[in-house]
Amino acid sequence: MLRASGIGKRFGERRVLRGVDLDLARGGFLVVTGPNGSGKTTLLRICAGLARPTEGELEVEVGRGEVGYLGHDPLVYRELTALENLDLYGRLYRVPERRERVGMLLERFGLWEARHDRVGSYSRGMTQRLALCRVLLHDPALLVLDEPYTALDAEGAVLLDAQLEELRAERALLVSTHDPERVERFATAHLGLAAA
Amino acid sequence: MLRASGIGKRFGERRVLRGVDLDLARGGFLVVTGPNGSGKTTLLRICAGLARPTEGELEVEVGRGEVGYLGHDPLVYRELTALENLDLYGRLYRVPERRERVGMLLERFGLWEARHDRVGSYSRGMTQRLALCRVLLHDPALLVLDEPYTALDAEGAVLLDAQLEELRAERALLVSTHDPERVERFATAHLGLAAA
Amino acid sequence: MTYARDVVALARKDLLLELRARDTLPAMLLFVVSTFVVFHFAVGSSPSRLAANGLLWVAIVFTALLGLGRAFVPEREQRTLDGLVLAPVDRSTIWVAKSIAALAFLGAAEVVALPVYGLFFHRLSGSAVAGVVLADVGICAVGAFLGAIAVATRARDLLMPLLFLPLAIPIVVGGVGASVAASPGRYLGFLVLYDALFSVVCWATFEFVVTE
Amino acid sequence: MTYARDVVALARKDLLLELRARDTLPAMLLFVVSTFVVFHFAVGSSPSRLAANGLLWVAIVFTALLGLGRAFVPEREQRTLDGLVLAPVDRSTIWVAKSIAALAFLGAAEVVALPVYGLFFHRLSGSAVAGVVLADVGICAVGAFLGAIAVATRARDLLMPLLFLPLAIPIVVGGVGASVAASPGRYLGFLVLYDALFSVVCWATFEFVVTE
Amino acid sequence: MGRSYRIPLPALAASAFVLVTLAIAMVFFVAPNDADQGFSQRIFYFHVSIAITAYACFAGGAWKAFRHLTRRDPRYDLESYVAVHQGVILGVLVLLTGSIWAKISWGHWWLWSEDQLVLFLVLFLFYCAYFMLRFSVDPGPQRANLSAVYALFGVVLIPVSFAAIRLAKNLIHPVVFTLQGPRFGGWILVTYCVAQAAMLVLAYTLYRVELAGKLLDSRLRELREVLA
Ligand code: HEM
Ligand SMILES: Nc1ncnc2c1ncn2[C@@H]1O[C@H](COP(=O)(O)OP(=O)(O)OP(=O)(O)O)[C@@H](O)[C@H]1O
Ligand SMILES: Nc1ncnc2c1ncn2[C@@H]1O[C@H](COP(=O)(O)OP(=O)(O)OP(=O)(O)O)[C@@H](O)[C@H]1O
Ligand SMILES: [Mg+2]
Ligand SMILES: [Mg+2]
């Protein structure tokens, strides 16, 4: 699904990643760990297609529409409601049964009651839940999740566990975290990045 | 230091907090927990003086300059460097030995090397570390920390543990978290908020 | 067809955002109206037809500029451009949608401004109005594109006029010509050419603006 | 004294943010020249004295709107207003500092623009320059205030568009009057009055804008 | 990466030197005095050839920009930037020589009534904005893309602006190359051609020198990094 060899990234003078190799097949669950500033986010952005490595080869076997990327920013519009945001993404990703799926995800992540509120008024955990809805909306084949448990309460974390459990058989997952124990039972491979 | 009784907050029609009482003295460490959207951030903003309760009484015994508030947003300028940001806050808070203290904090939180970089280029964990520097800069008597462990790696979390350990004897702390075990050993009191 | 549907979805979002935040249109309206007030006050009610026409074009270009500089601000503030870029749509739809939204704002401002202009100065001929419409298309197409460039830089708002004004000069030449020349046909043709040429360039290169 | 020091610290930050782009001054120069070139193509090479004056004011209003539109953008994007409000400083210092920064931006543009204007069109009278300076003060004071309202989300929806027009137009009228009228004294007096009045109002009420 | 068909730098420098010397000699000793402008008309040979060379630089920059967009090779970005940079420097020279000439023959340093001149100013401003753009983005693929796209806009803007000027039709600025072909001949033409060739070769040489310096810089940086 995803194969990278010798990936490196530099920002101007500063080299952030060097010689990263990874190989992720369907059913794979790769956990990326590393201290703050070690380049996890940079690597995940490259794998999701948002950035370009300055060195090395990257091969992604799925199309752009089959990747789901959860970043540090929720990538939703604060001035729109949850419904409007998901509806926009649903249209762009040409999700079949868009409205039903949006409703289902909002309910699953406990945002149904708040669906007509401006996202700007959401609490941080609610925003993260919405970002998860956004990522799952088009049922991607490759999921790239950057610290997905951030800001979730215990119930939200259990919800996410269930999602990951459900997804991992048929999808490929690339997940960064500072708490590898949390995802230990899903992991099929580990990648530790060293401090810059 | 901080005493609240019957605090309530509503946003328009929606009631977020109802009848919250709390009492925090010097040496106190109050842990606030609750599911996403239960009003932790709202309560902490009220206690820090950023918002006003719609009901109830709030008494804060320290001046505005003696409160340190860590919120979900780091409250620093992305286009400035870490040094420039801390210098600005140091001036506004009239911190004695400003420059030395800024240097000490940057070093303590592992940002010394990156002090001249734009905060916008920081990783999320580095930004959180900088926000912690900002909060501790003026050595506040009352600390209000909203999920302070977010985005920190293991080393950063240990650093924060050490800080909290050092602070709790002489200060009053109000800390919200989704992982109460982490701060269990410091806590002198608990407040659980119910889902809205 | 899916292209058109993507454009509609994106443009709808942009219009919704403006409806909620009301950042752009008020500033544009304020500027056009004060431009006319300034001029009315400075030169009285009967400036030469030429001067008044020139003023109209200055007002249009700068009003547009004010709005276009903010076109991509929501995307920047919430960094949602990443979200749009990831979606499996042709990236140029993002530009088309922004241009349409910008055109809507500029059109709205002009619906107010042109009658006010007629009131303060003199009535506009049909070919002048045609010139305005054609110029609007070019201004918004190029402007939305440059807005995407400017918003990716550190100097942003300051840079936008620098990037935009040199490219707007041919539009001003064509527009002024269309509104004062005896035979405006040539000028209108020129504007059509400008619109077509730059739209194609923008359309073909927008992808590179929003991806690494 | 601490008041002044706080203002300096805050204004320094605003200027730093401004200068982050490094080349603000060359950019201003380019901007001014581009603007005049647009004017040239719009109204021809030798507009009447009055028309040229009108154009000058159009340029000033545009630059002011450009500067003010971005005044609180950093605070809004990074929600740092909370950080400033928490600091133990008189809240009105935030407004004073923003006004000063906006004034510096506008002033820098004018320091370039007025001589260039004199070069291309005709020399400005002393009272015209005085009018520009006084108008600048009023525009920046009121503009920074309204900018803060726009960031403090609650009041945002209605006030901004409603207030800006009626508040800004009198300044413009006063400024234009000072540069074209035979006896500019009245206009200058009006501007001084306006500046004083609105500065006091802004200064006294700013606290309520940024706190709940 | 090096392309073998490149002319070696020393040969280039030598021919530039020869051509420039020849051009100067011809301008001052071979070309005849102009009938109504006298000696000062000789600035024409520099003015026009520099202007044409500047346009050539902008076109070259756009071509490299296009290559960058199709290949995404940072090397093309550098080449595009260096070419535009040369163009802007030459643009300053056009403005200077033109102004000097204008002062001598029209009595003014600058005439706003000359749309042709103002047009060149517009293009000059456009490329100044290109620099502003480059300086306010961090180095990296994004900066390369933005610069390339804007450089492409330049080559579209140039003919469009020419068309706009023809439309506005206010041409006292001499037009030498008309549809009927050059209006002059003999030694004037020969001298002009030599001067033009000299300018083009000189500009290309300078382009190659600057490029070599920039490449050396980045090689050194890489080397230092490998060692560190
Ligand atoms: C600041 C003033 C001037 C500027 C910026 C300027 C700019 C230019 C440029 C860009 C060109 C080449 C483009 C073209 O072919 O149209 C050019 C060509 C030329 N310029 Fe100028 N010029 C200036 C003043 C003058 C003056 C004062 C004269 C003579 C009285 C003059 C005579 C010519 C001639 C004969 C050509 C060749 C025309 C042609 O190839 O069509 N220029 N100038
Ligand atoms: N646009 C940029 N310009 C310059 N440096 C950058 C940029 N983006 C990231 N960096 C640097 O790259 C390094 C890695 O950043 P990255 O965000 O990938 O780290 P991370 O592993 O995700 O850290 P965290 O755990 O804190 O999220 C950091 O030192 C950061 O300062
Ligand atoms: N400005 C606002 N306008 C309207 N509703 C708001 C506003 N701010 C917060 N709320 C609502 O108040 C509720 C509580 O939000 P708050 O941010 O305090 O939750 P929280 O306990 O901090 O949650 P989290 O664990 O997700 O951070 C949420 O339902 C949120 O939608
Ligand atoms: Mg990260
Ligand atoms: Mg919260």
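Hydrogens, waters and symmetry mates play no part in the numbers below; they use all other heavy atoms, side chains included. Numbers restart at 1 for each chain; the letters A, B, ... are given by sequence-line order, proteins then strands.
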Is it the case that atom [atom1] in [X] sees more than 12 heavy atoms from other parts of the structure closer than 6.0 Å?
| X | atom1 | result |
| --- | --- | --- |
| B/Arg18 | CZ | no |
| A/Glu100 | CD | yes |
| B/Arg64 | CZ | yes |

Results of side-chain hydrogen bond (donor to acceptor under 3.5 Å, both in side chains) for B/Asp23 - residues two or more places apart only: none

Using non-hydrogen atoms and a limit below 4.5 Å, what part of residues 117-130 of chain B faces chain A? B/Asp117, B/Ser123, B/Arg124, B/Gly125, B/Met126, B/Arg129

Taking heavy atoms only and a threshold strictly under 4.5 Å, list by residue number the residues of residues 144-160 of chain A that touch chain B; give 'none' if the list is empty.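 From residues 144-160 of chain A, the residues near chain B are A/Asp146, A/Glu147, A/Thr150, A/Ala151, A/Leu152, A/Asp153.
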
Which residues share a salt bridge (Lys or Arg N to Asp or Glu O under 4.0 Å) with A/Arg168, sequence neighbours left out: A/Glu165

